[in-house]
2 protein chains.
Amino acid sequence: MRKFTANEIAAAQNHIAQTPPENIDPRIENLVNELIGRVADKWTMIVLDILAEKGEMRFTRLGELAGGISQKMLTQTLRQMERDGLVIRTVHPVVPPKVEYRLTELGMSLGAAFCGVWIWASNNLDRVEQARQSFDQKAAKS
Amino acid sequence: MRKFTANEIAAAQNHIAQTPPENIDPRIENLVNELIGRVADKWTMIVLDILAEKGEMRFTRLGELAGGISQKMLTQTLRQMERDGLVIRTVHPVVPPKVEYRLTELGMSLGAAFCGVWIWASNNLDRVEQARQSFDQKAAKS
DNA sequence: TTCTATACTTACTTTTTGGAAAGTGAATAT
DNA sequence: ATATTCACTTTCCAAAAAGTAAGTATAGAA
């Protein structure tokens with residue numbers, strides 16, 4: 001049997017068609033959401049950051065700088081980024097292999113876009129930490 | 001920065017402690033990474049976006065606008081965001097219950113920081129789409 | 001009296017994720 | 001002959017994430 005989303009159920013229960021949140025094309029919304037869901041991934045962001053500030057880099061070094069990533073995840077992340085047009089992978093036909101990664105212009109522009117988030121994070125670390133502590137204290141009292 | 005041969009790197013790694021990538025405090029790096037890992041979560045970003053542009057909102061409506069989120073995940077996301085000091089949860093003591101969520105200033109500033117990412121995503125949707133297609137075509141040929 | 005509405009919580013199951021470890025290939029060094 | 005290098009790939013498995021469905025509380029409406 002087909003499954004329903006919370007939205008469909010809610011709409012059905014209300015007996016009304018759901019009104020769209022905005023008048024912009026929902027397909028675009030969906031695509032943007034999907035893209036953000038993909039791109040806003042921990043390792044993608046970290047790799048992006050490293051390549052943005054260090055430039056071209058080889059696989060192993062990238063893994064070292066990323067800190068705690070497994071080979072599997074690194075390959076996976078890099079392949080996705082390559083597929084999305086964020087990085088360029090250059091294979092030098094030598095033995096042992098040498099593969100270099102660097103950002104495309106698209107990748108660099110994404111890095112720039114995320115820049116604000118990095119800045120926010122470093123600026124607001126302690127605010128978040130404080131908020132958590134007071135939240136946890138309140139929770140402990142109940 | 002000068003490049004090393006595979007041999008030089010290997011030799012160095014065998015005999016020296018690895019030098020940190022940067023001279024900034026690695027604890028801060030870690031914290032920022034952790035914070036970004038938490039905050040750069042699909043639902044967090046979507047909820048943030050909705051609250052940023054629509055203002056205060058009730059639980060169910062939020063779920064409708066988020067699209068396809070389960071109650072469990074919505075509660076979870078909202079709780080985390082509350083704990084991190086990003087949203088304020090206001091319970092109105094009525095029956096049936098009425099609970100409203102709105103961004104704190106911290107939440108709004110995070111929304112602003114992510115703004116760049118949203119803009120990037122909507123601007124570059126087709127570029128990414130194209131990149132994927134050509135990548136998949138190349139892959140299919142091999 | 002039974003139903004409805006809202007905002008959850010809980011228990012259970014399924015799906016996804018990701019780590020660990022071993023294997024690959026080909027040239028060069030020992 | 002054997003070891004070593006890099007950039008992977010693959011397989012297996014445990015753990016985490018997330019969906020599903022049912023339950024809860026309470027006032028007022030039908």
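Just so it is clear: chains get the letters A, B, ... in the order the sequence lines come, proteins before strands, and each one is counted from 1. Model, not experiment: these values are computed from the prediction.
Between the CE atom of B/Met57 and the P atom of C/dA7 there is a distance of 12 Å, rounded to whole Å. Rounded to whole Å, the distance from NZ on B/Lys72 to P on D/dA22 is 16 Å. For B/Ile69 and C/dC8, the CD1 to P distance is 12 Å, given to the nearest whole Å. Between the CD atom of B/Gln76 and the P atom of D/dA16 there is a distance of 14 Å, rounded to whole Å. Whole-Å rounding puts the B/Met73 CE to C/dT10 C1' distance at 16 Å. Straight-line distance from the NZ atom of A/Lys42 to the P atom of D/dA17: 11 Å, rounded to whole Å. Separating the CG atom of B/Leu78 from the C1' atom of C/dA7 is a distance of 11 Å, rounded to the nearest angstrom. The CG-C1' distance, from B/Leu74 to D/dA17, rounds to 16 Å in whole Å.
Side-chain N/O atoms of A/Thr60 include one lying less than 4.0 angstrom from OP1 or OP2 on D/dA7. Note on A/Arg58: every side-chain N or O is 4.0 Å or more away from OP1 and OP2 of D/dC6. At least one side-chain nitrogen or oxygen of A/Arg79 sits closer than 4.0 Å to the OP1 or OP2 atom of D/dT9.
In the helix from C/dT1-D/dA30 to C/dT30-D/dA1, the rotation axis of the first five pairs and that of the last five pairs differ in direction by 30°, rounded to 10 degrees.
Using a 4.5 Å heavy-atom cutoff, the side chains of B/Trp120 and A/Leu35 are in contact. Here the side chains of B/Leu78 and B/Arg89 are not in contact, with every heavy-atom distance at 4.5 Å or above. In this structure the side chain of A/Lys42 reaches within 4.5 angstrom of the side chain of A/Ile46, judged on heavy atoms. A/Ile36 places a side-chain heavy atom less than 4.5 Å from the side chain of B/Trp118.
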Return all side-chain donor-acceptor pairs below 3.5 angstrom for residues 93-100 of chain B, not counting sequence neighbours, or 'none' if the list is empty.
residue: B/Glu100; atom: OE1; partner: B/His92; partner atom: NE2; Å: 3.1

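Taking both residues in full, the closest heavy atoms of B/Ala66 and B/Trp43 are given as O-CZ3, 3.8 Å, listed atom of the first, atom of the second, then distance.
In the set D/dC6, D/dG19, C/dG19, D/dG19 carries the atom at the smallest distance from any side-chain atom of B/Ser70. With distances taken from any side-chain atom of B/Tyr101 to the nucleotides D/dA7, C/dC8, D/dC6, the minimum falls on C/dC8. The side chain of A/Phe59 has D/dC8 as its nearest neighbour among C/dA5, D/dC8, C/dA7. Distances from the side chain of A/Trp43 to the nucleotides C/dG19, D/dC6, D/dC8 place C/dG19 closest.
Taking for each of A/Val95 and B/Arg89 the nucleotide of DNA chain C with the nearest heavy atom, the 5'-most of the two is the partner of B/Arg89. Nearest-nucleotide assignment on DNA chain D puts the 5′-proximal partner with A/Pro97, out of A/Thr75 and A/Pro97.
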Audit row: A/Phe114, A/Leu48, side chain to side chain contact (heavy atoms under 4.5 Å, CB included) steps and yes/no: CA-CA 9 Å; A/Phe114 266 121; A/Leu48 192 69; 3.7 Å; yes

